[in-house]
Amino acid sequence: MNAPSRTRVKICGVRTLDDLLAASNAGADAVGFVFHKPSPRYLSPDAAWELSQALPAFVTSVGLFVDASVDDFCEVEEQCPTILTQLHGSEDEDTVSQCGPGIIKAVRFDEATIDAELARWGDAEDVAAILVDGSAGGEGKAFDWAALAPRVRTCDKPIIIAGGLTPQNVGEAIRVVRPYGVDVSSGVERKPGLKDPALIEALCRAVQRADAGNHTQ
């Protein structure tokens, strides 16, 4: 797949109106609502639905689940329908299909398994994009971007990268990988679950600078 004209930005773990407005005003393309109860970024479906009403046009809502049953997914979806769904666990093809379409399927980067994972979800009709993270469950660990880069060019689905991204390193990640998008949560927080508007703005600016640099190369 060819490199995108610009890198899309998703700010995940949005919990307040201030978070949402900070992300949208800084130029983020999507915000993520975490429906995984053990997470410090968990938001109830009712609260997420209320927040989603403040989303500007063309900013996409994404609901994040980790190994939820299809019944649990449907229950949340009835309360807070989102444009896209991010499945961040070990969901199988049947579960992904039943929760689709519009699925962002997260996988962990591991040299031993990444090729098989990209092939597996690249062939899945209901998967709109594949998110490659540094660790299972989205724990915010960076990985070997250079090792992923050639795989991005050959994958049939858009690739989003996550894990350990911050305003300081996201530009380098984009330069090396040239992904479709970046997904950031802990890298724009003061502490788990508490976003920092200044960090969100700094991250989005860093992405824009990286894109401008890529276009001059």
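- A distance-only check finds no donor-acceptor pair linking the side chain of E117 to the backbone of D115 [under 3.5 Å].
- Heavy-atom neighbours of R205 CZ from other residues, nucleotides or ligands within 6.0 Å: at or below the threshold of 12.
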Pair D133, H88 - check side-chain contact (heavy atoms from CB on, under 4.5 Å), show working. CA-CA 9 Å; D133 203 345; H88 224 295; 3.2 Å; yes

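- For the residue pair P45 and C80, the shortest heavy atom distance occurs at O-CB, 3.3 Å.
- To the nearest 0.5 Å, the span separating CG on L51 from CG on D19 amounts to 8.0 Å.
- Partners of F35 under the ring pair (Phe, Tyr, Trp, His ring centres under 6.0 Å) rule, at least two apart in sequence or in another chain, are F65.
- You'll find the side chain of K191 stays beyond 4.5 Å of the side chain of P40, heavy atoms only.
- At a threshold of 4.5 Å between non-hydrogen side-chain atoms, the residues T154 and P150 do not count as touching.
- Checking side-chain atoms of N169 against main-chain N and O of G164 turns up a donor-acceptor pair under 3.5 Å.
- Nearest approach of G13 to V34, heavy atoms of both residues: CA-CG2, 3.8 Å.
- Here the OG atom belonging to S186 is positioned 11.0 Å from the CG atom belonging to L199, to the nearest 0.5 angstrom.
- Looking only at side-chain heavy atoms (C-beta outward), D110 and T113 come within less than 4.5 Å of each other.
- The main-chain N or O of Y42 is found under 3.5 Å from a side-chain atom of R15 such that the two form a donor-acceptor pair.
- If you take CD on Q53 and CG on L17, they are separated by 12.0 Å, rounding to the nearest 0.5 Å.
- For the pair R6 and D211, the salt-bridge criterion is not met [side-chain N within less than 4.0 Å of a carboxylate O].
- Listed by first and then second residue, the salt bridge (Lys or Arg N to Asp or Glu O under 4.0 Å) pairs that reach into residues 49-62 come to none, sequence neighbours excluded.
- Residues passing the side-chain hydrogen bond (donor to acceptor under 3.5 Å, both in side chains) test with E78, sequence neighbours excluded: none.
- Among all heavy-atom pairs drawn from C155 and I159, the shortest one is SG-CD1, 3.8 Å.
- Summarising the geometry of C204 relative to A28, their closest heavy-atom pair is SG-N, 4.1 Å, with the distance given to 0.1 Å.
- K195 places no side-chain N or O within donor-acceptor distance of the main-chain N or O of I11, the cut-off being under 3.5 Å.
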Step by step, would you call L118 with I114 a side-chain contact (heavy atoms from CB on, under 4.5 Å)? CA-CA 6 Å; L118 292 178; I114 189 63; 4.0 Å; yes

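- In terms of heavy-atom proximity, G171 sits nearest to A210 at CA-CB, 3.7 Å.
- A chain of hydrophobic side-chain contacts below 4.5 Å, direct or via other Ile, Leu, Val, Met, Phe, Trp or Tyr residues, connects I174 to V176.
- Closest approach of V132 and F109 over heavy atoms only: CG1-CB, 3.7 Å.
- Under the 3.5 Å distance criterion, the side-chain polar atoms of S97 are left unmatched by any main-chain donor or acceptor of E93.
- A heavy-atom distance below 4.5 Å is not found between the side chains of V62 and D183.
- Contact of the R41 side chain with the H36 side chain is not registered, since no non-hydrogen atoms from C-beta on lie closer than 4.5 Å.
- Within the 4.5 Å cutoff, the side chain of V127 has heavy atoms near those of the W121 side chain.
- When atom types are taken as modelled, the side chain of S44 and the backbone of A47 share a donor-acceptor pair closer than 3.5 angstrom.
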Residues L84, S61; criterion side-chain contact (heavy atoms from CB on, under 4.5 Å); working and verdict: CA-CA 6 Å; L84 297 172; S61 58; over 6 Å; no

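- Listed by chain and number, the residues in a side-chain hydrogen bond (donor to acceptor under 3.5 Å, both in side chains) with Q168 are T166 (sequence neighbours excluded).
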Go through I104 and I130 one step at a time and tell me if the side-chain contact (heavy atoms from CB on, under 4.5 Å) criterion holds. CA-CA 5 Å; I104 300 172; I130 302 170; over 6 Å; no

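- Exactly one residue among T7, V184, L165 makes a side chain to side chain contact (heavy atoms under 4.5 Å, CB included) with V207. That residue is T7.
- A side-chain donor-acceptor contact under 3.5 Å links S24 to the backbone of L21.
- Proximity of L131 to K105: side-chain heavy atoms (C-beta onward) are nowhere separated by under 4.5 Å.
- Here the side chain of D29 pairs a donor or acceptor atom with the backbone of V9 at under 3.5 angstrom.
- Checked by atom type, the side-chain pair D67/S90 shows a donor-acceptor distance below 3.5 Å.
- For E77 (side chain) and P81 (main-chain N/O), no donor-acceptor pair under 3.5 Å exists by modelled atom type.
- In this structure, the separation between CZ on F33 and CG on L20 is 5.5 Å, given to the nearest 0.5 Å.
- Partners of Q98 under the side-chain hydrogen bond (donor to acceptor under 3.5 Å, both in side chains) rule, at least two apart in sequence or in another chain, are D94.
- Atom CD1 of I83 and atom OG1 of T60 lie 6.5 Å apart (nearest 0.5 Å).
- D71 meets the side-chain hydrogen bond (donor to acceptor under 3.5 Å, both in side chains) test with no other residue; sequence neighbours excluded.
- Residues I160 and V182 have side chains not in contact (no heavy-atom distance under 4.5 Å, counting atoms from C-beta outward).
- Between the K157 side chain and the A124 main chain, a donor and an acceptor come within less than 3.5 Å of each other.
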